[in-house]
Amino acid sequence: MNNVNNLKKQKNILNSIKIFDTTLRDGEQAPGVALTTDEKIQIAQKLDNLGVDTIELGFPAVSEGEKNSAKLIRELGLNANLCGLSRVIKNDIDALIDCDLTYMHTFIGTSPLHRDYKLKKSKEEILNMTVEAIEYAKDHGITTEFSAEDATRTEQDYLIDIFKAAEDAGADLINVPDTVGILIPSSAETLIATLKEELKSPISVHFHNDFGLAVANSLMAFEAGAKQAHLTVNGIGERGGNASLEEFIMSLVIAYGIDLDVDTTQLFNLSDFVSRITGIKMPPNKPIVGENAFAHESGIHVHGVLENAATYEPIPPEIVGHSRKIALGKHTGANALKAKLNEYDIEMNEDQFCSVYDQIKTLGDKGKCVTDADLKAIAVTALGQAKKESIKLLGLSVMSGESVSSTATVKLLIEDEEKETSKTGVGPVDAALNAIQYLVKGTTNIELEEYHIEAITGGTDALAEVFVITSDEHGNKATGRATREDVIMASVDAVLNSINKILMIKDS
Ligand code: KIV
Ligand code: ZN
């Protein structure tokens, strides 16, 4: 508690804690992520709406595309400071100046590994390059933040020397990167406290998440006097990523009680947007923004939450723009099911309720989740109100072999109209599912979220059980399952089963 009070006091002295977002630079370095200029612009706008202090928008020297994005983001007239990355190299700094950026984050590797294997330069050469680059940037009126890359594996004496030299050359901020995420909270605190004793400039931290400690380490750095943290949305970045923006912000706001000037209600939307644009899906249990961050299934928890949500929630989901979810499965209690049916205005008698309850428990016992669409399909069937299936399979043929694309021809009856198409895929199942997806497009846009197959008997005529989850353009999800001897038929039946459930909730 003392530390918390210290931090609050310190916040008053420093006036503010700075949030430096590097989603567009270090986040984009996550394997497989390449953002278009338009996507960068949209993310920058959202970060600005959230209220981050600084946006690192890229590394202008690496490409014309990076420069172009930097220029266009600058033209948006955002409130946040706009920063570009640069090595301690004149050409890199010129690229930044070309984009009219006035904030530079410059870095060079300082650890023995970086000096000997990557740069093949002596300590002195690296220090001189640093000083020259900072002086050059300062001569051009650029706010300069200096990073000693791999600081946490650099000899402490040399780290202090190079940081002091950077300060003397005019660096405005000193940034401490834990490039391969080797700190633990206590070493983060000690390191920052030591640097704080030695340096005059504000200290920033840039912690990677290789051992899942980046947020905890950043918080400890703040307790030791750091003033700024580098963060990324959803914690995306190289390898295990960076400290997560949403987890760090919410820890400061809720656990430390710091009054940050950010609109936390934007966090879920921002996370979802970045996840969709980068293709990096969040695990359901991702704190703050994961699908299950405010979901409750067990009877005891749901009962508590229905009486008072705070019983099993640290914060109301609305604070981060998320929503509460009562999930159904094998732990579901009668209270939860009643609440869920109420939510959908479904009324039923005791017998019907027991039948729905039993079916949900049976599905849950099989280890399957039960989506809202599943519940509605089960409920309308129990009420005797189930409509006939909207989509029926009329025919299927597949062609597959070595060195040829698999092709499937599928014929469906969709709302009394026959439709047929042929599509290719990486295998016959993929081809058949592509054909279904194409044929139902006029009715609904289906994505296959999950596909699992299991042989439930042995031998070449084994029964295959396929379990799928599909979703539509409105985020409705439904499970589907089918058991057949033919894997392709089982897959097609399972997908149609799930699409029919989604259509059932759309119509109800
Ligand atoms: O992790 C790191 O060391 C970096 C540098 C560019 C500061 O991202
Ligand atoms: Zn980094």
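Note that ligands are numbered from 1 as they come in the structure, with each ligand's atoms numbered from 1 the same way.
- Near S147, meaning under 4.0 Å from one of its heavy atoms, ligand 1 places the atoms 7 (C).
- Here the heavy atom of the protein found nearest to atom 3 (O) of ligand 1 is T179 OG1, 2.6 Å.
- Per-residue contacts place E149 under 4.0 angstrom from the following atoms of ligand 1 (heavy atoms of the residue considered): 3 (O).
- Counting heavy atoms from C-beta outward, Y158 and I126 have side chains that approach closer than 4.5 Å.
- When every heavy atom of I55 is checked against every heavy atom of L47, the shortest pair comes out as CD1-CB, 3.9 Å.
- Residue R25 touches ligand 1 through its side chain alone, judged by heavy-atom distances below 4.0 Å.
- With hydrogens and angles left out, the side-chain atoms of T232 and T23 include no donor and acceptor closer than 3.5 Å.
- Interface of H208 with ligand 1, defined as ligand atoms under 4.0 Å from a residue heavy atom, comprises 1 (O).
- Looking at E238 against ligand 1, nothing comes within 4.0 Å, counting heavy atoms.
- Those atoms of ligand 1 that come under 4.0 Å of a heavy atom in H105, given as number and element, are 7 (C).
- Residue-ligand proximity, D26 to ligand 1, at heavy-atom distances under 4.0 Å covers atoms 8 (O).
- With hydrogens and angles disregarded, no donor-acceptor distance shorter than 3.5 Å links the side chain of D150 to the backbone of G109.
- No more than 12 heavy atoms of other residues, nucleotides or ligands lie within 6.0 Å of CD in E447, so this atom counts as exposed by the packing criterion.
- Note on ring orientation: taking the six-membered ring where Trp is involved, the planes of H452 and F467 are parallel (angle under 30°, cut-offs 30° and 60°).
- The aromatic rings of F146 and F163 lie perpendicular to each other, with more than 60° between the two planes, well past the 30° mark.
- Note on the Zn ion (ligand 2): protein N/O/S atoms under 2.8 Å are D26 OD2, H206 NE2, H208 NE2.
- A salt bridge is absent between K423 and D430: the closest approach of a Lys/Arg side-chain nitrogen to an acidic carboxylate oxygen does not fall below 4.0 angstrom.
- Enclosure of atom CD in Q45 by more than 12 non-hydrogen atoms of other residues, nucleotides or ligands within 6.0 angstrom is indicated.
- A perpendicular orientation is assigned to the rings of F59 and F107, their planes being inclined by more than 60° (bins at 30° and 60°).
- In terms of protein heavy-atom proximity, atom 4 (C) of ligand 1 is closest to H206 NE2, 3.5 Å.
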